[in-house]
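Here's the structure we're looking at; comments come further down.
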Amino acid sequence: MTDDFISLQSVRKTYGSVVAVDSVDLDIAKGSFFSLLGPSGCGKTTLLSMMGGLDFPTSGKIFIDGADVTKTPSYRRPANMVFQSYAIFPHLNVAENVGYGLQRSGLSKADLNRQVEEMLDLVHLGGYGNRKTDQLSGGQMQRVALARALVVKPKVLLLDEPLSALDKRLRQNMQIELRAIQREVGITFVFVTHDQEEALTLSDKIAVMARGQVLQCSSPATLYDRPLSREVAEFVGEMNLIPGTVRDVTTTGVSVDMPCFGTRRLQAGTRRFLVGDSVCVAVRPENFHLSEAPEAASMRVTNRAYFGSHIHLILTTDGVAPICADVPAATARRLRDIDGEGVVSVDFDEDTAVLLPGKE
Amino acid sequence: MRTVRKLYAAVYFFVLYLPILLLIVFSFNDSVYIAFPLKSFTLKWYEAAIQNAQLLSAFSNSLIIATVTSVTATSVGLLGAMATTRYHFRGKTLASGALFAPLALPTVVTGVALLSIFMMTGIGLSIGTVILGHVMICTPFAYGVMVSRFDGLSPDYERASMDLGEPPIRTFLRVTLPLAMPGVVSSLLLTFTISFDEFILAFFLSSNSPTLPVFMWSQMRFPDRLPLVLALATVVIVVSSVLIIVSQLLRRRRDR
Amino acid sequence: MIRPANIPRLLLTPAILTTVVTLGVCLVVLLVLSFGRQNYLDIELGLSAHNFELALTKPLILKLMGKSALIATGVTALSLILAYPIAYLIAFDIHKNKLLWLILFTLPCWISYLLRILSWKLILGYQGVVNSSLMGLGLVDQPIDALLYNSNSVVIALTHAWAPFAILPIYVSLEKIDRALMKASGDLGDPPYRTFLRVVLPLSLPGVSAAFVLIFIPTFGDYVTPHLLGGPTGFMVGNFIAMQFGASNNWPLGAAVALVSMLTATLLVCLFIAGSKRAVRAIG
């Protein structure tokens with residue numbers, strides 16, 4: 001995972017006065033599972049279409065495996081697509097669908113059939129070749145679409161929200177299977193999704209998009225633990241954003257005055273802060289600890305929801321927006337005040353918190 | 001209230017088909033007078049029709065005109081529908097509305113206008129001039145049928161085909177055409193029937209190669225030829241009905 | 001190399017040529033012709049407004065135009081009234097074989113117009129079905145000649161021919177109405193006829209308007225029906241136009257009348273549609 005296999009340089013796409021994709025630079029490593037994550041309308045599907053040659057950038061360049069493919073139409077690109085709608089040809093059966101892209105490869109009929117069979121086996125649809133496509137379930141359609149795209153041996157497989165139409169159980173199974181298939185064939189996968197959990201589970205690297213721009217591109221762990229902006233912090237997982245003011249800046253960190261939590265020293269990351277800046281301290285719900293120790297901040301429990309492994313609490317105090325905290329069920333049992341609407345002491349580890357600008 | 005509506009519908013249905021039914025009944029009646037009571041059953045008007053050379057020539061003219069018209073209008077409509085359902089471009093709404101413009105003109109006006117064009121440019125009237133007129137009024141119908149077919153078809157099928165390595169023309173042949181086929185057949189049948197049955201344009205533009213409706217019109221003036229016209233009319237009505245029913249069933253068939 | 005951006009225009013070109021361009025040429029030729037003058041067998045092109053003057057002042061032409069408008073209005077109104085309940089029935093009351101019923105009720109639209117008009121000639125004729133039956137039953141002594149060759153027979157035949165055309169567009173707009181809206185109206189205390197007036201009718205107006213255009217324009221300019229059934233009193237403007245291009249041999253006048261009547265028909269259609277929208281809003 002060293003060389004940049006797919007490279008997008010200042011790619012921009014406009015429809016009339018609407019900017020769908022705005023100067024995106026991206027590098028995707030060979031053989032990786034890469035996700036484009038963002039809410040609907042953020043430009044992720046347009047970006048994917050441009051990688052596949054189903055749409056063309058207004059400006060900028062796209063390279064696949066060192067070759068400039070910016071203007072290459074989809075039928076001459078080594079990239080294949082799994083459509084959100086699957087687009088399984090209704091006038092062909094399963095085997096004909098899978099073999100569709102092989103017809104002009106000059107293969108003998110026997111070779112073609114063998115390759116189709118192999119591919120059907122790979123996606124666990126062995127023996128389904130003669131089925132009509134209207135007899136297939138959503139999950140099976142999904143597999144046919146996958147087999148049809150993989151059989152032509154693309155260098156890149158593009159997947160446009162392929163799991164969004166499946167129910168939750170099936171989706172989780174398909175996620176595992178998709179990852180297994182990707183490892184087996186070793187092809188670079190570019191995966192579009194609006195489901196952050198799905199992106200975190202599957203990907204080697206994730207690009208978070210909004211308003212046609214890439215906000216952050218990093219590994220799932222970095223994305224979750226070290227978001228670069230409030231927007232990313234709030235889109236990926238649940239995040240508490242506690243306002244504060246910078247009191248002091250040194251080489252080792254930044255001191256921030258916070259209501260309720262007092263003055264805390266935090267890592268500034270790559271951003272520069274000045275004394276007096278209003279900032280945001282971002283803390284994940286699971287990074288709060290609750291205790292009965294009197295020195296920490298006192299907050300009221302106003303709501304609680306039981307999740308089996310943990311308990312989700314809404315905590316309030318005067319002058320601060322409500323805070324969400326996840327407490328392990330075992331800890332919760334020790335704190336009797338969590339039963340009912342009691343008062344608890346809340347605290348967080350400074351190295352799990354992220355310092356972000358107050359207003360963007 | 002519902003019973004009243006159903007009763008009304010029954011009466012409507014009866015009155016709708018009554019004239020056509022009478023026309024068919026009298027074509028088998030052994031009398032030149034179209035009057036009750038009926039005389040005996042006969043097929044002699046049909047025999048007379050088959051032996052009428054003028055009629056057969058008119059029939060073959062109509063067949064040629066309707067065939068060429070339906071193939072042309074359907075091809076043109078198919079391409080037009082692909083443009084407006086598969087692509088975004090400026091002026092799209094305007095263009096797809098404008099294609100229906102020929103229907104906003106009374107046929108008499110269209111007829112005399114086309115006649116004037118041919119006279120002023122010195123193009124002699126022939127089967128070809130009738131075809132031109134018929135293509136003009138059939139294109140909106142073909143386009144309408146094809147648009148409703150394409151609207152129900154995701155453009156992803158064609159995108160998938162291109163993505164799998166098939167260039168546009170092969171994609172058209174392997175995916176677009178097979179998927180659009182019910183619409184194509186529906187449009188062929190519909191435009192064939194419209195052209196075959198069309199009278200006014202053919203009347204102005206056919207000159208000495210009359211179509212079947214023009215031939216029938218010329219015979220209507222002679223009371224003794226009326227039964228022959230009725231025999232012919234019966235054949236035309238039955239065949240038209242079958243073509244139209246098949247066309248409409250295909251057009252509105254829902255795929256999965 | 002064809003640029004991708006030009007593909008849709010390329011695909012659309014043949015259709016535009018066979019419809020819009022042909023139509024445009026038709027109108028231009030009529031316009032050119034209408035400013036000319038017939039000189040026996042020759043047509044002298046020019047810039048004379050004489051034909052338009054005639055078309056707008058000659059009592060015969062005005063009378064025919066007025067009668068065409070009257071007949072077309074009557075036929076269209078009758079057609080809409082007769083077809084609406086059928087469209088309603090298919091949309092709301094029929095659940096099985098909807099498609100088949102729709103086809104059966106609209107099938108005659110597509111069958112030879114000429115033959116359908118001819119069938120009325122057989123029915124209403126001097127020795128036609130009605131008269132021969134009445135005489136056979138002894139109800140009348142001699143055939144009633146008032147049945148054929150007047151405006152009434154034209155209206156009857158035209159309505160019969162065009163009413164089925166109204167069913168389809170009205171049905172389509174009725175079918176689109178959310179059934180929950182009708183239930184909601186009933187739930188809010190409107191009796192069925194009020195629900196119809198306040199919910200169903202306004203929402204089906206696009207279909208009614210489409211049907212109006214579909215019927216009014218061709219009946220206004222109709223040629224076949226008045227010729228076969230109209231007799232001297234049923235003569236309409238379409239016949240006058242056709243005559244100028246035939247026996248009367250005054251093409252420029254025919255062209256001018258064709259243009260004027262086309263504009264009149266379009267104008268009337270616009271007026272009627274605007275009026276009906278207003279009327280329905282007033283009811284609601």
Side-chain angles (χ1 to χ4, degrees), chain B residues 1-2 5-6 8-9 12-13 16 19-20 22-23 26 33-37 76-77 79-80 82-83 87 89 95 98-99 101-102 104-110 112-117 120 135-136 139-140 143 193-194 197 199-200 213 216-217 220 233 236-237 240-241 244-245 248-249 252, chain C residues 7-9 11-12 14-16 18-20 22-23 25-27 29-30 33 82 85-86 88-89 93 99 103 105 107-108 110-116 118-120 122-123 125 127-129 132-133 136 160 164 192 213 217-218 220-221 223-224 238 241-242 245 251 254-255 258 262 265-266:
Chain B
M1 204 47 208
R2 184 168 304 183
R5 278 201 294 272
K6 285 199 171 156
Y8 169 73
Y12 183 97
F13 199 80
L16 183 66
I20 298 169
L22 286 172
L23 214 136
F26 280 108
Y33 299 109
I34 313 299
F36 283 118
V76 164
L79 296 181
M82 276 177 68
Y87 296 90
F89 55 95
L99 292 185
L105 218 58
T107 329
V108 170
V109 175
T110 316
V112 297
L114 287 171
L115 180 66
S116 308
I117 294 176
M120 288 169 91
V135 168
M136 178 182 175
T139 302
Y143 173 76
T193 316
I194 293 174
D197 289 353
F199 167 68
I200 296 182
M216 287 195 268
W217 172 266
M220 281 176 200
V236 170
I237 287 171
S240 299
S241 305
I244 291 300
I245 290 176
Q248 296 290 314
L249 284 173
R252 284 163 216 285
Chain C
I7 290 175
R9 292 195 184 91
L11 291 173
L12 206 55
I16 294 283
T18 61
T19 56
V20 182
T22 318
L23 190 75
V25 175
C26 280
L27 294 181
V29 165
L30 281 185
L33 208 55
L82 291 173
I86 302 294
Y88 191 95
L89 183 92
D93 297 339
L99 175 56
I103 294 174
F105 271 107
L107 180 62
W110 310 106
I111 298 174
S112 173
Y113 181 59
L114 183 65
L115 296 179
R116 280 181 290 141
L118 171 68
S119 66
W120 279 101
L122 305 185
I123 294 173
Q127 292 185 318
V129 174
S132 60
S133 305
H160 182 262
V213 179
I217 301 267
F220 188 91
Y223 165 74
V224 175
I241 295 168
F245 285 82
W251 289 32
M262 198 189 81
T266 312

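The model shown is predicted, which means the values in this text are computed figures rather than measured ones. These values consider heavy atoms only, across backbone and side chains, with no hydrogens, waters or symmetry-generated copies.
Within the 4.5 Å cutoff, the side chain of C:Tyr223 has no heavy atoms near those of the B:Thr107 side chain. Annotation: side chain of B:Ile237 is not in contact with side chain of C:Ser112 (no heavy-atom distance under 4.5 Å). C:Ile103 is listed as a side-chain neighbour of B:Leu249, based on a closest heavy-atom distance under 4.5 Å.
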Next item on the list: Let me see the working for C:Ile16 and B:Leu99 under side-chain contact (heavy atoms from CB on, under 4.5 Å), right down to the final yes or no.
Entry: CA-CA 6 Å; C:Ile16 294 283; B:Leu99 292 185; 3.8 Å; yes

Next item on the list: Please assess C:Leu107 against B:Gln248 for the test side-chain contact (heavy atoms from CB on, under 4.5 Å), listing each intermediate value before the final yes or no.
Entry: CA-CA 9 Å; C:Leu107 180 62; B:Gln248 296 290 314; over 6 Å; no

Checklist line | C:Thr19 vs B:Thr139, side chain to side chain donor-acceptor pair (under 3.5 Å): CA-CA, chis, key distance, verdict | finding: CA-CA 7 Å; C:Thr19 56; B:Thr139 302; over 6 Å; no

Notebook entry, point to check: Does the pair B:Lys6 and C:Asp93 meet the rule for a salt bridge (charged side-chain N to carboxylate O under 4.0 Å, His left out), with working shown?
Noted result: CA-CA 9 Å; B:Lys6 285 199 171 156; C:Asp93 297 339; over 6 Å; no

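For chain C, the nearby part of B:Ile200 is the side chain; its heavy atoms alone come within less than 4.5 Å. When heavy atoms are compared at a cutoff of 4.5 Å, C:Val25 approaches chain B by way of both its backbone and its side chain. Of the two parts of B:Phe13, the backbone and the side chain both hold a non-hydrogen atom closer than 4.5 Å to a non-hydrogen atom of chain C. Of the two parts of C:Leu23, the backbone and the side chain both hold a non-hydrogen atom closer than 4.5 Å to a non-hydrogen atom of chain B. With a 4.5 angstrom heavy-atom cutoff, B:Met136 touches chain C via backbone and side-chain atoms both. Proximity to chain B is limited to the side chain of C:Trp251, based on heavy atoms less than 4.5 angstrom apart. No part of C:Phe220 comes within reach of chain B, as not one of its non-hydrogen atoms sits under 4.5 angstrom from that chain. Heavy-atom distances place both the backbone and the side chain of C:Ile217 under 4.5 Å from chain B. Proximity to chain C (any heavy atom under 4.5 Å) is restricted, for B:Ile194, to the side chain, taken from C-beta onward. Neither the backbone nor the side chain of C:Ala255 comes within contact range of chain B; no heavy atoms are under 4.5 Å apart.
With C:Cys26 as the fixed residue, the side chain to side chain contact (heavy atoms under 4.5 Å, CB included) test singles out one of B:Val112, B:Val109, B:Leu114: B:Leu114.
When the candidates B:Pro19, B:Ala104, B:Pro106 are compared by the number of heavy-atom contacts under 4.5 Å with chain C, B:Pro19 comes out ahead. When each of B:Val135, B:Leu105, B:Thr110 is checked for heavy-atom pairs under 4.5 Å with chain C, B:Leu105 comes out on top.
Of the possible polar contacts, one joining the B:Tyr8 side chain to the C:Leu82 backbone as a donor-acceptor pair under 3.5 Å is found.
Scanning both residues, C:Leu115 and B:Leu23, for their nearest heavy atoms gives O-CD1, 3.4 Å.
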